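So the structure is just underneath, and the comments pick up after that.
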Amino acid sequence: MGAALGLCSAAQLACCCGSAACSLCCSACPSCRNSTSTRIMYAVMLLLGTIAACITLSPGLQDALKKVPFCSSNDSSALSFKNLYPTWQCESAVGYLAVYRLCFALSAFFFLMALIMIGVKTSKDPRAGIQNGFWAIKYLLVIGGMVGAFFIPEGSFGTTWMYFGMIGGFLFIIIQLILIIDFAHSWAESWVGNYEETESKTWYAALLIFTLLNYALAITGIVLLFVFFTLPDDCALNKFFISFNLILCVIVSVLSILPSVQETQPRSGLLQSSVVTLYVMYLTWSSVSSQPYKPCNHGFLGVTGMKSESTFDSESIVGLVIWMCCVLYSSLRTASSSSKITMSEHVLVKDNGAVRGQGNLSLVSNEGGDGGESGHSSDNTKVWDNEEDTVAYSWSFFHVMFGLATLYVMMTLTNWYSPNSTLETLNANEASMWVKIISSWLCLALYAWTLVAPILLPSREFN
């Protein structure tokens, strides 16, 4: 399925390049829904923008970036940033400022698309061509915006955009939590359903193994956090974070198997709880890794005598991988029966009942151009329109989510508050620490709500 969707999006990308490439790609491309292929194309745009932002932080580009326009006119920028950082110079934070400008252009594109797509109900709307086509023009607009953003005078741009980034990044964390909880519920529903239908011991063993594995990893993580991020007579805050989250994880695990919860949600169980527990332990690790008090944040490598400064921050790598998985999950996943209770039905694609037929074929252009026009079916028609009657997802909210995802990446790469122009250490400040630990509490609260909501609101339909 994933390979088919990848080929489907490759066909749309090929249509940005010309007729020969498009014809070759379309001939080998399986058919897929327009709603899916469009979301993947925007996900590719977001991932490419993220890669570009990471590249600007690489040490090899620092000397070249010092010549960019916003550093050459540093009369106003020096006054702006020295209020926050007395020793700050534009050249020392050029990677940080470059990330801000790249992400500014990309997020501005997504937020502009969100405004344009407000109120679209079907693909018959004239704005559908803008949403589902003209890929070459849209990619060129984003690239042009990124280049133009480098000419924005520094002034107060960095400090102002930083606060927008903090708000937007935190909002995306909430969306990410919803997606992860939806994934946990969907995974458990699928495997428990397969076991109930087939009564196969294989499915039962798989449920048991993965549940135990998740809890084993979480327990291992707890032990490592106490060993590496606490001291016998110090680090009280880290000890509180780790212990408190451990207690909360035990509570939600017990809650998931209570008879009253099982009665309303027969497929609820420890598999979902183990996934949530493992993710909360990651958030706890991420939080204590951002502890600015160095004696309580020597990290895994610091205790073994290795220099962590020479390597890419492992916690940040895991965070970006989880972010990427959530973006892809939101692009590919179709809302299931659990999506209503997890509130992810507003984020994921809905099955609108559309069936492929001669009336809803969307032409992937074999004449070059942007693939934004619809036409009669042909042998090269591979992407079919499943939104003629109603859209499968909120086009406007989708772009809002991707705009927030861009801001989340921006804040992750720039340390959530303090500028850092290298890839050596991405997270080490109090603001980052509190954002992440509060996120872990929100995650547990959202998961607990999905368990007790049917009990507290028996008259409401959650399936």
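What you see is a predicted model, and the numbers here were worked out from it, not measured in a lab.
Checked against a 6.0 Å centroid threshold, the rings of Y100 and F104 do not count as neighbours. Side-chain rings of W135 and Y42 approach one another, their centers coming within less than 6.0 Å. When ring centroids are compared, F183 and W187 come within the 6.0 Å threshold. Between W434 and F170, the ring centre distance reaches or exceeds 6.0 Å.
With hydrogens and angles ignored, the 3.5 Å screen pairs a side-chain donor or acceptor of N214 with a backbone N or O of F210. A donor-acceptor distance shorter than 3.5 angstrom exists from the side chain of K239 to the backbone of L231, with no hydrogens or angles considered.
Between Y447 and H185, the angle of the ring planes lies from 30° to 60°, which puts this pair in the tilted group. Ring planes of W441 and F244: perpendicular class, angle over 60° (limits at 30 and 60°).
Side-chain atoms of T38 and N132 form a donor-acceptor pair, as typed in the model, at a separation below 3.5 Å.
Taking A52 as the reference, L102 meet the side chain to side chain contact (heavy atoms under 4.5 Å, CB included) condition, with sequence neighbours excluded. Applying the side chain to side chain donor-acceptor pair (under 3.5 Å) rule to T50 yields no partners; only residues at least two apart in sequence or on another chain are considered.
Between L270 and S256, the closest heavy-atom pair is CD2-OG, 3.9 Å. The minimum heavy-atom distance linking L271 with S274 is given by the pair O-OG, 2.7 Å.
The disulfide bond (SG atoms under 2.5 Å apart) pairs that include a residue from residues 245-281 number zero, where partners must be two or more places apart or lie in different chains.
Considering I242, N238, I222, L246 in turn, I242 is the only one that fulfils the side chain to side chain contact (heavy atoms under 4.5 Å, CB included) rule with T284.
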